[in-house]
Structure formats: C-alpha cells, structure tokens
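Remarks on the structure that follows.
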2 protein chains.
Amino acid sequence: MLRPWKIQLESIDSKSDTPLYMQIVHAVIHEIRRGRLSPGDFMPSSRELAESLGVNRKTIVLAYEDLIAQGWLASRGTRGTIVSTDLPEQSLEAPKAPEPTAGQAGFHFRAAPGVPFALSASSPLVLDEGSPDCRLFPYDVLIRAYRSAILRAKRANRLKYGDPRGSAILRESLVGMLKSQRGLALRDENLCITRGSQMGVFLASRVLVEPGDTVLMETLSYTPAAQAFRAAGATVIPVRLDRDGIDVAELERLCGEHRVRAVFLTPHHQFPTTVALRPERRLRLIELARRFSFAIIEDDYDHEYHFEGQPLLPIASYCPEQTVYIGSLSKLTLPSLRLGYIAAPPKVIDAMVHELMLLDRQGNTPTEEAVAELIELGELRRHVRKMKQTYTDRRAAFIDGLQRNFGDLAEFDVPDGGLAVWLRFADTAILDRIDRNQARHGVRTAQSTSFAVSPATERGIRAGFASLNEAEAADALMRLRKAAVDK
Amino acid sequence: MLRPWKIQLESIDSKSDTPLYMQIVHAVIHEIRRGRLSPGDFMPSSRELAESLGVNRKTIVLAYEDLIAQGWLASRGTRGTIVSTDLPEQSLEAPKAPEPTAGQAGFHFRAAPGVPFALSASSPLVLDEGSPDCRLFPYDVLIRAYRSAILRAKRANRLKYGDPRGSAILRESLVGMLKSQRGLALRDENLCITRGSQMGVFLASRVLVEPGDTVLMETLSYTPAAQAFRAAGATVIPVRLDRDGIDVAELERLCGEHRVRAVFLTPHHQFPTTVALRPERRLRLIELARRFSFAIIEDDYDHEYHFEGQPLLPIASYCPEQTVYIGSLSKLTLPSLRLGYIAAPPKVIDAMVHELMLLDRQGNTPTEEAVAELIELGELRRHVRKMKQTYTDRRAAFIDGLQRNFGDLAEFDVPDGGLAVWLRFADTAILDRIDRNQARHGVRTAQSTSFAVSPATERGIRAGFASLNEAEAADALMRLRKAAVDK
C-alpha cells in the first residue's frame, strides 16, 4: 500500500480557507494525475491516513466518499478503497485544476436570442436615454442615510425577512409624497415597492395577461415592456402615435377587434418622443378603459423633471380604478439603487405580491429605509430642485448643440419635460450611418431601431441631455454628427 | 361670472410641495363641491384667473385642461369654459378628497390564490426555517463597507446603470470564494448575481422549462421553487426521499416516463429534512443527468453552516456541465440585503441574464460592492467563524429543549449542518394541533403542510435554532409544546 501522504502534508494547511477535507481531495487527485497513485492501488485506511495527517477520521471518510462520487476512487467493501480503474476523463490531461464550468451545458435550455446586453469595454461618451447625472448625487447624504437606516433597523431587528411589499417606512413616505406631489389618493394597501419600474411592468404583465390576450402600446415605446408582455404570452399590437400622444380612435378600433387587457403608456413624457398625452385624449382613453375593461399601465418614469409650467397630473390621480401606476426612484436618486413602486387597487397589488414572492421575495431593506429617510428629511426634494436648475441649463446648451450639429439633418422639439430630446430624421440613411459609425467616433446612443415596438417601423435617436456636463455633451454631439455624415 | 378666487387665494401656496397647478385643480373641485360653482357656470378666462392669483397663465391652462379631463369643467370653444353639466359621480359626496384607489379594479386580472403572505402584527416568537440571528451581524462593519463602497463607486461613476450580471467587483470576490472554499472552478462568465436564491430558481425555471416539461423535486422540499417551476408551465413530480437523500431508483424510473428537464435538490443540507445526499447517490444522479440531458438545480443555500466534519463539496464542483448552482448570501450576511448568485455554463448564464433584464435589469450596486468589501477584508469569514461557534452552542441547547418538550411526541436527528432541526411526528393529530394552536400560544412556525411538494403527503415541523438566543428558544419550544398538547 502506498504511503505518499507525508509528501503532501505541507500542502495541507488547517488555517487555510479551503476546508481540510477539500485539500485532501485535491491532494489525492494530484497524486493520481502525476502518477504516484495508479488505478487499482489500495488507499490507506481512513484511520491510518487520519493519524498520518493529524486530522479527524471523519474528514478522511468524507474526502474518500467525495473522491468515490467523483470517480477517482472506488470502494471494495470491507477490503478497502482503491484508486478507480475507470478514472474520470480529465484525469489524463495537464495536471492543473480543470475549469470545467467554462464548457458547454449537458442539458436543454432556451438560449438567449442574441447578445443579452451590451457593455462597452472602452466606455466612450454615452448619450443615454435620459438618465440623471449620477456624479451630482449628494453621496455624503446617502452614506449618512444608510448609516442611520441600518442602525435604526438593527435596533428593531428589522433586517431579517420582512414584508414583500417593501419596508413600511418607505411605503409610508411614498404614499405621502405621491399624495402631496402627484395627487394620488393612496393608502398603504395600494402600494408595493419594486426593484425599478421594469419589475413593475413585469409584475403587471404576470397578473394582467394570459396567453392569447392583447396588449396595446404606441408604435414607438419602451420596448423592454413589450418583451415582458410577450414573455407573459401576450400579443403586442402597436398603436399610432402623434404629437398629442396615442391615437385614441385607432385604440378604439383595436379594442373592438382584440381581447385587449392592457394599454401601456408613458403619458407624462412619452418614451421616446417626449410628447404629453393631451387631456381630451386622456378622457377618451379612460372611457375606453371602462368600456372594454382594460388596465391603463401608466409608467410615470420621470415625473419630477418637468421644465415648462406644472406637470400634468397622472391618470391614476383621477381614474385609479382603471390604472396600474408604475413609478421609479431611478431618476430621482440613482438607477443602481433599484427602487420603484406600483400603485393599484388593493386586490391587484395582492396578486402582484403573490408573483413578486416568486421573483425575489422582497427588496433591500437598508436601501429602502435609507431612501425613506432622504424623503422624510427633504433631502430628495432639495436634490431634485437643484438638479432641475442644472438640467434646465444643460437642456438649453444641448438644444444649441443640436442646432449646430443636427439643424440640417434632423427635426426636434425642446421637450417640456423629461431628460432627453427626440430626433426625427427624414432620411433613414443618416440613421443607418449613426447606428453603424458611432462606436468608431467614440460615442454611443441606443440603436435607432430600438424604440420600435414592431420591427421595421419608425426610428429615431433619443438623446439624453442630463448625464453629461455641457462640455461632454458638446463633444458627444460633435462625434455623433461625424458618425451621421461619415460614409 | 363668478369670481370666487380671492377666497381661495390663501389656500394656494407657491412654496408648497404640491404643484401650484394641482392646488388650483383642488380649489376648483372644492368650490364645485361646496356649491359655490354650479353646473353651467362660466369660469373666468385663464388670463383673468392667472392675474387674480398672480400665477403664470400656462399654469391655469393646464389646470383647466386637467379639470376638463376629469369631467369637472367643459370647454365651450371660443365662448370659454363652463362647470360641467355632467359632473363626476363623486362630486355630490362629502367634500373631502376621495380615496378612490382603495376601491375595486375596473379591469380583468388574475387574483392571488389566497393570502399572498402572512405577517403577524403581534410578532410572537418565531421558530423560523433556519435563518441566522440578524441581531449578531457586525453592523458597524456593514456601515463602513457601505460608506467605502459608495465613495469608491462614486469616484468611478459606477452608480448609474451597470452590468446586469452584477458588479464586477462582487463577481470577482465570489469567484474567488467559491473556488477556494467550495471547489467550484469558475470564471467570470459562469456567474450572475441575483436578488437571493429565489430569483436564481425563478431564472432557472424560465430558461430550463417550457410548458409540458417535467421538473422533479423531493416529496418534501422548498415549495416556493415548485411554484416558480409551475409558473413556467412545468409539471412538478415529487420523488421519494429517505435519510440518504432523493431515491435515485425512482428518479430513474420517472426519467423514463416523462420529459424531465430539471431536478431541483438541496443536496448539502436537504430542505427541510437536513439530510445529506450520499456520495453514491450523487454519482448515480450525475449519470442520470447525462443520460437524460436534464439539469441538476443544486440549491446550496447554507453551505458554510456545517458543524460535523467538513462539508461535502457541491455537485457543481465535479459535474458543472450538468449543474445550475444556486447560492445565497442571505445566511452569511442578512436576508434583507437580497444577495444570491447562480453559477452555470456561460451560455446558460447568458440566457438567464436575458430573462433577468425583464425582471429588474440589475442589482443594487452599493450593496453588492459593500458585500464584496466584506469578503475581501475577511470580515465575512470572521463573522461566519464566530457564528458557527454561537450556533453550535445554540444547536446543543436546542436539542436539549427538544428532548425535554418533544422527546415523547416527535422524532428528530441532530443535524450535521444547517440551522434547523426537522421534527417527524407519527401522530398527525399533533401537527394539526400545532398548526391550529400556535398563534394562541404566542409562537410561530411554518405550517406543517408547507414543505410538501404535493398536498396531502408528508408533513413535519422545521424548527430553526439560530435566530433565537437560548432563553428565547427555550421559551418558544415550551410554547410549541403547549400548542401540541392543547386540544
């Protein structure tokens, strides 16, 4: 019987993070690989090896069991344990740890349709779809809020599992904020915290839609919402859109022809075109929702950033019984905090919470309670007030830059609200060039096709003006111009 | 023409959080409700009212448009705006702000099957399913980690939208931890951060299962996983389970009869029974996975808390190509941080990330990077080492308490690992009494039926020993005993 163990003793370290048991497994595999243990060789008994290594016998038993499970050793019953005569395939390869998970899957799965996400390694200038400038967030305030939220939650032992609808403290703050600033008449049971507005849309799709149902969206819209509806089995039909918002006459016609369960809208600042849904169309939409019993999914993703006059009240503020209202704190705080919410009739919220339990059970309590503190202390309001001034200035400079660089190529309006401008191009060849050349010119925008709910319909560029300072934005627009005219 | 506006002036406050526009809307509704404005009355022109209130005319135009949309006012074209002759229904009710969202939904939705979650208002003693004691977490260390993570992320402008797979820093830390402590040979492309292990299961269900497929689970298991599989259209078939884990012979038979796409297991510390899947069964399971091309979904939810000998290595460490490995940081840190991860072959991860983009796009960056720091600084390891000692003591005291209170009623083993004990009862009448009487005796456990994948099969009590201190646990067990014997 071989006794190679003394040689391995130095590589076994009881203070290492690697469990002793695993170190032994590795050592045995190493010995087999380098040929010091051969197929058929008897291993020392567990007691013998335990004594030789100065470890608990149970550790050796476990190591042997695992080596047997892996196929390196084989049991010969009462006679002992041998090195397997049918070693695992990798045993003859180079004697380094294999990296097997980099390989192919040995089971069926539904592959992603194309690249699931795009992240630039070189991080050029990004003209995003209307994000805030995260560099301007008051981080010291956020850090203090985390600190005080964690300490308070600790005292109340509130950092274990909690309410799936979210921290009661944040829900209360949001109910107050939505009541006073947006006219939403909410109670606690109308509200559920989510991880951003996408989760709100996903949850809505799960409770509103069954396979075969129809969801209506504007021809140009927030396409990740369309993906969520389709994943729930819905047929998504695009509805014409003009500068007053969705075409309600076409909406009515489609309601007569299909089982429409929901209409997804961003009525405040239409995504991507930035137009507001006019009041008379809102009225008509509500009539249709009542008549055809569909839900208006109102995604009010950047309510506060309104620059001209006062923002229109959300549809949910005067017709809550037809509305699933989706909000986000991504634009008010930081996208990477992943905070959003849904307001809807209580039984709809209950149904969504049932689905939410399957997704992720609940949110991140320290973050929820830190942001509740930012709301309660007025920090959020102060920050938004400051940012509105900054973004008003950036908007003006951006429009100048657009006129300089795209005055001859595109049409665009100064948006009343929201953090982006929508560029329309009569000549789609220009869009082809922008899509194709932008990386080469060190700038990035969403592909011009990415806003169309159905492929091969309208295209355009949505250019955010908030996340870059004036110099960066000027540079980005100059580069975008080059991409547009470069063959 | 009425001019009631001067009376309302004091209620309009340009410094209020409520937009001016909305204050005017409320004031007009209030005037109509109290009867000072009647149906058919002409309103002042927008210019006139703007002057009288000292606000921008655009604000009044918006208020009127909104009041028209809500049905309070009506346009008479060039003649002006009147109070609607067909007022909204609520107009005659008490003159307080309505709370309409508390009402019924006016659209179709799929209601939740029963109460979606249970939260006790009186918070009695909870014998949970095996959570850590969140009160013992080093909060000062967590606060410092948040602080330094936020400052570092700010400098790199990394708190905007990021990689949907999670912060690169946390993924790197986890790859290192899983490699050295659990033998998982991972690269970056094998790993995706999730919001807890439930999201891992949900994502797995979305990429592994199509309607009509079969997923196998042990008769007693983690039933929220079964719900996720069923939501994806799978038939979930329970497989017999004994004290060595899943019955692989029955598993093989079922694979011959159904299109099995996945087997969900907690092989390390079986949930809820705490048994380990024996090595020879692991080998057999792997053979079957290869033969029938199914995925082993290995949920390793509390790997580190192993008290007897060294933990067995995960199946994913020696058969990664058949495995979707799901881990959680809920037991190592705090459940309310919502951090978990999936390790799988790269193309499977890509497919899951595609689904994840529909759910919540990405995780909470400050939390991910704070926990990465806890790993890198060794704080997490120190904490777990300390907790293992504490929980070893609590386990011993808990077993004593169980022997005192349930020695005559139930059967149970001292678990080698995990933070809970599984209690088997020959007499189900005792379980009925525990389920029924526990609230009255000020104690809470999961209902005894909640672990059965199919209703009306096995039952039992899973009692966690870690989250309560010894005095609390003794009290809880005494109360549970009373519930068990109380008619």
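Below, read A as the first sequence line, B as the second, and so on, with proteins coming before strands; counting in each chain starts at 1.
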Inset, instruction - Using a cut-off of under 4.5 Å on heavy-atom pairs, state which of R281(A), R282(A), R278(A) scores highest against chain B. - result: R278(A)

Inset, instruction - Answer with side chain, backbone, both or neither: which region of A295(A) has an atom nearer than 4.5 Å to a non-hydrogen atom of chain B? - result: both

Inset, instruction - Tell me, out of D128(A), V209(A), L142(A), N157(A), who's got the most heavy-atom pairs with chain B below 4.5 Å. - result: N157(A)

Inset, instruction - Against chain A, work out which of L159(B), I143(B), V207(B), D133(B) has the most heavy-atom pairs shorter than 4.5 Å and name it. - result: L159(B)

Legend entry - Which atoms of K347(A) approach chain B - backbone, side chain, both or neither, heavy atom under 4.5 Å: both

Legend entry - Region of E280(A) that comes under 4.5 Å of a non-hydrogen atom in chain B: neither

Inset, instruction - Just do the side-chain contact (heavy atoms from CB on, under 4.5 Å) check on E321(A) and Q104(B) with the steps written out, would you? - result: CA-CA 6 Å; E321(A) 71 281 5; Q104(B) 298 294 312; over 6 Å; no

Inset, instruction - Under 4.5 Å heavy-atom distance to chain B, tell me which part of R147(A) shows up: side chain, backbone, both or neither. - result: both

Inset, instruction - Using a cut-off of under 4.5 Å on heavy-atom pairs, state which of D66(A), N56(A), L334(A), L208(A) scores highest against chain B. - result: D66(A)

Inset, instruction - Starting at CG of L359(B), measure out to OG1 of T194(A) and round the result to the nearest 0.5 Å. - result: 11.5 Å

Legend entry - Pairwise side-chain contact, P224(B) with M357(A), heavy-atom cut-off 4.5 Å (strictly under): no

Legend entry - Minimum side-chain heavy-atom gap Y161(A)-S330(B) below 4.5 Å: yes

Legend entry - Most contacts with chain B, counted as non-hydrogen pairs under 4.5 angstrom, among R290(A), R206(A), H26(A): R206(A)

Legend entry - Largest heavy-atom contact set with chain A, pairs under 4.5 Å, which of S467(B), A69(B), P366(B): A69(B)

Inset, instruction - Apply side-chain contact (heavy atoms from CB on, under 4.5 Å) to F202(A) and D360(B), showing your working. - result: CA-CA 8 Å; F202(A) 189 84; D360(B) 72 345; over 6 Å; no

Legend entry - Polar side-chain atom of R110(B) near backbone of A351(A) as donor-acceptor pair, under 3.5 Å: no

Legend entry - Winner by heavy-atom pair count (cut-off under 4.5 Å) against chain A, out of R195(B), M199(B), E65(B), E355(B): E65(B)

Legend entry - Top of G363(B), A231(B), G196(B) for chain A proximity - count of heavy-atom pairs under 4.5 angstrom: G363(B)

Legend entry - Engaged part of A105(B) at the chain A interface, taking heavy atoms whose separation is under 4.5 Å: both

Inset, instruction - Could you grab the distance from atom CD of E308(A) to atom CG of L62(B), nearest 0.5 Å is fine? - result: 11.0 Å

Legend entry - Inter-residue atom distance F137(A).CZ - K154(B).NZ, 0.5 Å rounding: 11.0 Å

Legend entry - Rounded distance [0.5 Å steps], CD in Q70(A) versus CD1 in I286(B): 8.5 Å

Inset, instruction - State, to 0.1 Å, how close I68(B) and L283(A) come at their nearest heavy-atom pair, and which atoms those are. - result: O-CD1, 3.2 Å

Inset, instruction - Could you tell me the separation between the CZ atom of F109(B) and the CE atom of M352(A), rounded to the nearest 0.5 Å? - result: 9.5 Å

Inset, instruction - Pick whichever of M177(B), E210(B), R284(B) has the most heavy-atom pairs under 4.5 Å with chain A. - result: E210(B)

Inset, instruction - Look at the side chain of N364(A) and the backbone N and O of R338(B), then say whether any donor-acceptor pair between them is shorter than 3.5 Å. - result: no

Inset, instruction - Please flag which part of S131(A) lies under 4.5 Å from any non-hydrogen atom of chain B: side chain, backbone, both or neither. - result: side chain

Legend entry - Which atoms of R182(A) approach chain B - backbone, side chain, both or neither, heavy atom under 4.5 Å: backbone

Legend entry - Aromatic ring proximity, centroids under 6.0 angstrom, Y146(B) and Y146(A): yes

Inset, instruction - Return yes if some donor-acceptor pair links the side-chain N/O of Q198(A) with the main-chain N/O of L358(B) below 3.5 Å, else return no. - result: yes

Legend entry - Chi angles and distances behind the side-chain contact (heavy atoms from CB on, under 4.5 Å) call for L337(B), T365(A): CA-CA 7 Å; L337(B) 296 188; T365(A) 309; over 6 Å; no

Inset, instruction - Among R135(A), R361(A), K58(A), single out the residue with the greatest number of heavy-atom pairs under 4.5 Å to chain B. - result: R135(A)

Legend entry - Region of T367(B) in contact with chain A, defined by heavy-atom distances below 4.5 Å: side chain

Legend entry - Side chain Y21(B), main chain L313(A), donor-acceptor under 3.5 Å: yes

Inset, instruction - Look at V348(A), T59(A), L356(A) and state which one has the largest set of heavy-atom pairs under 4.5 Å with chain B. - result: V348(A)

Legend entry - Partner of S336(B) under side-chain contact (heavy atoms from CB on, under 4.5 Å), chosen from E368(A), Q362(A), E369(A), K160(A): Q362(A)

Inset, instruction - Begin from the C-alpha positions of T323(B) and F107(A) and carry the test side-chain contact (heavy atoms from CB on, under 4.5 Å) through to its verdict. - result: CA-CA 9 Å; T323(B) 313; F107(A) 51 85; over 6 Å; no

Inset, instruction - Could you look at R381(A) and say if it's the side chain, the backbone, both or neither that has a heavy atom under 4.5 Å from chain B? - result: side chain

